[in-house]
Number of protein chains: 2
Amino acid sequence: MAMMTRGEETRARILDTAQDAVLAKGFEATSIDEIVASAEITKSGFFYHFKDKNALARALIERHITVEEEIFDGLLGRARELSDDPLQAALIGLKFLAELIEDMPGGHPGCIVATAAYQDRLFNADVRAANRRAVLGWRHRFRAMFDEIAAVYPPRDGIDLDHLADMVSGIVEGGIVMARAMNDPLITSQQVMLLRSYVKLLFSPRPD
Amino acid sequence: MAMMTRGEETRARILDTAQDAVLAKGFEATSIDEIVASAEITKSGFFYHFKDKNALARALIERHITVEEEIFDGLLGRARELSDDPLQAALIGLKFLAELIEDMPGGHPGCIVATAAYQDRLFNADVRAANRRAVLGWRHRFRAMFDEIAAVYPPRDGIDLDHLADMVSGIVEGGIVMARAMNDPLITSQQVMLLRSYVKLLFSPRPD
DNA sequence: GAAGGTACAGTACCGCCGGTACGGTAGTTC
DNA sequence: GAACTACCGTACCGGCGGTACTGTACCTTC
């Protein structure tokens, strides 16, 4: 990280400025000329690092995946330190997630994956594949979490745990859409807390 | 409906062809030239009916709202005929909703509202206002449904019923994002069924 | 039956955007 | 000093959203 070549630094600067613009305005609305101006390079320089806008999208998604994984690792790791019980750890983790989203200034900045999902006809197979890998990563992560819980507390309803794992991502994505549509940044964290309530009811051995 | 002037017919034809294209490829990827060719008019004709692409987006969203309201009215109306109990009626209605989504060829075609939400910097205040009205309509509809249930069965957890009402829309929107990202059209209906499971657990007086 | 509005067709044009092509060059490496 | 990396500069292309203006078939109203 500390030792970057000049090329790597320029590439990182392009990604940084591009990410800010994309999260603020969407991928389509962010022009290459604009990125070029913000990153203080020329158009030639941009196309030297990325062969087209698809390549930029793919790089943004893949960087997003790694950053997000680190955040989730930290979140769930801290939650597990706070309780030996897998259900309690999950409930703490979901609360942390809701707080994380709520504390983001101006609400969750929006998810690049979803942005790509809604414009996937514009993107090529590479971008779509990167997108699928991101969602699959979430599924496996939360599937493992729910497996641990289900080993101790059998779920109250005949639930497919893969579907339940997808629900975490789905609630966040849907919450972002709702928050944007309603211009109310709190909606996303509220939805995560409802998911937490569901997980609690689903796995709790006895109500209250 | 049967008696339309020539202008109304042309306008409806533009909206029909535009909606097909937008749901298939997204709003940005659908060019006016393309709509004009499909609707067999000229560019002048298009701009006679819509002053710009924003006006088209707004008209699409507003038409989408009315069509969707009719569908939901039919769905929930039929569900209520099948059971006097508000909780059972809601569970039947959610099952109907999941089936409706599952039966859509190629999965849910995607929600225009979400498309607009993810590109809202491109749209003007009119479009965003129409978008908010759509989501508010859903909230009020499902809020009324949950109010009826809560009057009979107090919810097991301290839940804000507005948030729960938003969860219906949020689950559907998030499910669409996930279905698109994973290229698995069944995800959306699976997520709706999980929401049904939550509603069941949340309001059921005794487990099982 | 002339006047005026409605509902377009036709043509020409503009600026922005993604992308291509290609030549030049400062700095680094061997 | 040759070769490679990492760009800069300029010119250009086609597609897109949108504007501007003229023309005109059809219908209604007086």
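Just so it is clear: chains get the letters A, B, ... in the order the sequence lines come, proteins before strands, and each one is counted from 1.
One atom, CD of E9(B), and another, C1' of dC26(D), lie 14 Å apart when rounded to the nearest Å. In this entry the distance linking CD1 of I35(B) with C1' of dG17(D) reads 11 Å, nearest Å. Summarising the geometry, the separation between NZ on K51(B) and P on dA20(D) is reported as 13 Å, rounded to the nearest angstrom. Atom pair F50(A):CZ and dC7(D):P shows a separation of 11 Å (rounding to whole Å applied).
Residue Y48(B) places none of its side-chain N or O atoms closer than 4.0 Å to OP1 or OP2 of dC8(C). Put simply, H49(A) has no side-chain N or O that comes within less than 4.0 Å of OP1 or OP2 on dA6(D).
For the pair R156(A) and F203(A), the cation-pi test (distance below 6.0 Å, angle within 45°) is failed. The side-chain tip of R141(A) does not point at the ring of F72(A) from less than 6.0 angstrom away and within 45° of straight on.
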Reading nucleotides 9-18 of chain C from the 5' end, what letters show protein touch, with B for base, S for backbone sugar-phosphate only, - for no heavy atom under 4.0 Å? BBB-----SB
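Side-chain atoms of H163(B) and M193(A), non-hydrogen and from C-beta on, never get closer than 4.5 Å to each other.
Residues R13(A) and E9(A) are not paired through a salt bridge, judged by the lack of any N-O separation under 4.0 Å between the basic side chain and the carboxylate. We find that R196(B) and D157(A) are not joined by a salt bridge, their nearest charged nitrogen and carboxylate oxygen being 4.0 Å or further apart.
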Starting from the C-alpha separation in whole Å, work towards a yes-or-no answer on side chain to side chain contact (heavy atoms under 4.5 Å, CB included) for M167(A) and Q190(B). CA-CA 9 Å; M167(A) 200 181 191; Q190(B) 290 162 0; over 6 Å; no
